[in-house]
Amino acid sequence: LNALSIAASRQIEASAEFRLRREDVAEGQPGFIWMEMRSRPLAGTGGDGQQVVSVLRDVSERKQHEAAV
């Protein structure tokens with residue numbers, strides 16, 4: 001939520017990384033994936049509220065490589 005708030009109020013790009021819990025269907029055990037969210041304000045949006053667009057991507061493999069190093 002902080003990245004969304006920064007992008008909207010300061011009109012700059014912001015990003016955050018976080019883990020999401022998911023159920024592993026094959027084993028019935030919970031698993032985790034790392035996500036990166038990049039948020040940026042939309043240009044030319046009128047009105048009182050600020051509009052932000054966000055893109056999420058799975059960065060679990062990168063996190064595994066970082067941990068190995």
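The structure presented is a predicted model; accordingly, all values stated were derived computationally and were not measured.
For the pair Ser15 and Arg38, the tightest heavy-atom approach, listed with the atom from each and the gap, is CB-CG, 4.0 Å. In plain terms, the two heavy atoms of Ala3 and Ala14 that are nearest each other are O-CB, 3.5 Å.
With rounding to the nearest 0.5 Å, the separation of CD1 in Ile33 from CZ in Arg19 is 11.0 Å.
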Taking only distance into account, with no hydrogens and no angle test, what donor-acceptor pairs under 3.5 Å do side-chain atoms of residues 52-60 form with protein atoms, sequence neighbours excluded?
from: Ser54; atom 1: OG; to: Ser39; atom 2: OG; distance (Å): 2.7
from: Arg57; atom 1: NE; to: Glu36; atom 2: OE1; distance (Å): 2.6
from: Arg57; atom 1: NH2; to: Glu36; atom 2: OE1; distance (Å): 2.9
from: Asp58; atom 1: OD1; to: Ser60; atom 2: N; distance (Å): 2.8
from: Asp58; atom 1: OD1; to: Ser60; atom 2: OG; distance (Å): 2.7
from: Ser60; atom 1: OG; to: Trp34; atom 2: N; distance (Å): 2.9

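Remark: side-chain polar atoms of Ser5 are not paired, donor with acceptor, to backbone N or O of Leu1 under 3.5 angstrom.
Glu17 places none of its side-chain heavy atoms less than 4.5 Å from the side chain of Met37.
Under the 4.5 Å side-chain heavy-atom criterion for grouping Ile, Leu, Val, Met, Phe, Trp and Tyr, Leu42 is not connected to Leu4 through any hydrophobic cluster.
Applying the side-chain hydrogen bond (donor to acceptor under 3.5 Å, both in side chains) criterion to Glu66, with sequence neighbours excluded, gives Arg62.
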